2 protein chains.
Amino acid sequence: MARTSDIFVTVDIVILALRDDDLQVLLVKRKNPPFEGKWAIPGGFVRHDESLEDGAARELFEETGVRDVHTEQLFTFGTLDRDPRGRMVTVAYLALVPAPLALHAGTDASDAQWKSVYALPEMGFDHAEIVNYAVKRLRYKLEYTAVGFRLLPKTFTLSQLQRAYETVLGEKLDKRNFRRRILQAQVIEETGEMQSGDGRPAKLYGYREDAVAEVKARRLFP
Amino acid sequence: MARTSDIFVTVDIVILALRDDDLQVLLVKRKNPPFEGKWAIPGGFVRHDESLEDGAARELFEETGVRDVHTEQLFTFGTLDRDPRGRMVTVAYLALVPAPLALHAGTDASDAQWKSVYALPEMGFDHAEIVNYAVKRLRYKLEYTAVGFRLLPKTFTLSQLQRAYETVLGEKLDKRNFRRRILQAQVIEETGEMQSGDGRPAKLYGYREDAVAEVKARRLFP
DNA sequence: TCAAAAGTGTTTGTGGTACACCCATGG
DNA sequence: CCATGGGTGTACCACAAACACTTTTGA
């Protein structure tokens with residue numbers, strides 16, 4: 001039993017947000033070995049008196065000052081050689097931070113920076129793999145759930161929503177088809193407010209919290 | 001750092017197989033407290049010199065004598081109170097054992113038994129939750145991947161395959177539609193062999209290992 | 001009156017679903 | 001020849017995809 005306790009449990013969290021029509025991840029620059037000077041995703045040991053979810057929420061708050069955003073478990077990484085200091089098992093989480101809350105990186109702001117997931121810097125450990133997996137998972141989820149709203153402010157225009165989808169998926173979408181389908185799904189509704197900008201003002205929409213978040217996809221296999 | 005090492009890492013494995021047109025899970029009867037006399041899924045501590053995947057494969061082999069079957073990580077459970085003996089974080093895995101290999105339960109066969117997932121006995125810890133989650137995940141995956149074949153022998157008839165799908169999904173499927181769609185997907189091919197039985201002999205099919213296992217589903221959201 | 005973004009319908013194709021009868025074999 | 005399971009095609013409907021112009025506002 002003593003042997004098994006040599007395994008340390010950490011949580012690492014991939015924090016994603018939309019900034020400047022780009023999908024970005026919050027990274028911290030490592031100040032100590034191993035991988036000194038390289039970038040990593042925020043994380044740390046799970047405390048004895050907190051659940052994994054609580055640990056992930058704590059790490060998120062420490063880095064961003066943000067609470068109560070969409071968080072989900074991604075995967076648990078536990079190969080032998082992933083950390084030269086010892087046997088580490090890390091439970092990776094994904095957090096989606098709404099755009100307006102994501103402007104400042106880090107409360108202690110030491111060396112935390114937002115980086116485009118499309119151009120990741122040199123990263124330590126297996127963290128590049130974890131980030132790429134998170135992005136893949138987010139894209140996948142966009143296709144069959146309503147999770148995209150979690151990257152936007154409480155109210156938003158259809159154009160903003162479409163840009164969010166395009167930014168995450170990395171491809172252009174047809175405006176008319178996008179609007180028809182998103183409205184048919186009945187997960188958003190007009191607030192009655194309008195947003196003025198450069199051209200014609202746009203209707204503002206809000207996410208319907210009562211709508212089912214997980215919409216069932218059509219089967220591929222019978 | 002000493003504090004954090006009080007967390008123990010285990011792997012638990014939900015082993016599923018088709019038996020008698022029923023979806024069953026391999027459970028062991030607990031011989032010691034806590035939850036003495038209740039049923040649990042196989043599992044144990046992760047060894048210091050094995051990865052999580054290796055640990056899951058080891059547990060699987062110890063219980064069934066089977067290797068090299070479809071295994072995937074399910075979820076990591078880490079609430080504070082899940083084991084009265086201490087702080088346990090368990091990485092849950094799902095294994096799909098092909099029907100012909102699943103006839104014997106346990107090599108040491110102590111108190112391992114196959115139980116229908118549709119009528120689980122009283123289970124200790126949060127293991128009922130884990131099994132139900134595994135079944136949900138399997139159903140979900142059946143809809144957009146080719147994972148169903150993993151529950152059948154190397155060659156099988158279309159009727160057997162359809163029964164497998166029906167057993168897992170818990171609903172009847174249309175024979176003609178099932179056949180058309182499964183063949184269109186090009187993940188199985190005729191072996192040229194026939195299987196004789198009660199009525200007209202049936203063509204035997206095999207899984208095409210070169211076919212992509214993960215087939216992309218159509219998007220729901222644009 | 002011009003620039004800039006919002007908003008709006010129709011057609012065409014593909015794929016899902018529902019549905020009933022003949023075929024090959026063994027006893 | 002009969003019981004048993006294997007194998008086959010079509011018609012309808014719903015939804016996805018492609019596609020271009022008009023509307024509203026602010027400068």
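Since this is a predicted model, take the numbers as computed values, not measurements. Lettering follows sequence order; numbering is per chain, from 1.
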- NZ-CG distance between Lys141(A) and Leu94(A), expressed to the nearest 0.5 angstrom: 8.5 Å

Starting at atom [atom1] of [X], determine the distance to atom [atom2] of [N], rounded to an integer number of angstrom.
X         : N       : atom1 : atom2 : value
Arg200(A) : dA6(C)  : CZ    : P     : 10 Å
Asp21(A)  : dA5(C)  : CG    : P     : 11 Å
Gln160(A) : dA4(C)  : CD    : C1'   : 15 Å
Leu161(A) : dA5(C)  : CG    : C1'   : 16 Å
Met194(B) : dG5(D)  : CE    : P     : 16 Å
Arg179(A) : dC19(D) : CZ    : C1'   : 16 Å
Leu183(A) : dC15(D) : CG    : C1'   : 16 Å
Gln184(B) : dG9(D)  : CD    : C1'   : 13 Å

- Query: Per the atom types in the model, does the base of dA18(D) pair as donor or acceptor with the side chain of Asn177(A) at under 3.5 Å?
  - Reply: yes

- Task: Classify the side chain of Arg180(A) and the base of dA16(D) as holding, or not holding, a donor-acceptor pair under 3.5 Å.
- Result: no

- Answer yes or no: is there an ion pair linking Asp21(A) with Arg163(A), defined by an N-O contact shorter than 4.0 Å? yes

- Task: Hey, which sits more toward the 5' end of DNA chain D by its nearest nucleotide, Leu158(B) or Ser196(A)?
- Result: Leu158(B)

- Query: Does Ser159(A) place a side-chain N or O at less than 4.0 Å from the phosphate oxygens OP1/OP2 of dA6(C)?
  - Reply: yes

- Residue-phosphate contact under 4.0 Å: Arg176(B) side-chain N/O, dC21(C) OP1/OP2: no

Counting heavy atoms from C-beta on, name the nucleotide in [options] closest to the side chain of [X].
X         : options                  : value
Arg181(A) : dG7(C), dA17(D), dG6(D)  : dA17(D)
Asp198(A) : dA5(C), dA16(D), dA6(C)  : dA5(C)
Asp174(B) : dC19(C), dC19(D), dG6(D) : dC19(C)
Lys203(B) : dC19(C), dA18(D), dG7(D) : dG7(D)

- Which residue lies toward the 5' end of DNA chain C, Lys175(A) or Gly199(A), if each is placed at its nearest nucleotide? Gly199(A)

- Task: Without swapping roles, check the side chain of Arg137(A) against the backbone of Leu74(A) for a donor-acceptor pair under 3.5 Å.
- Result: yes

- Query: Has the side chain of Thr157(A) got a donor or acceptor atom that lies under 3.5 Å from a matching backbone atom of Lys203(A)?
  - Reply: no

- Does the side chain of Lys38(A) come within less than 4.5 Å of Phe125(A)'s, by heavy atoms? no

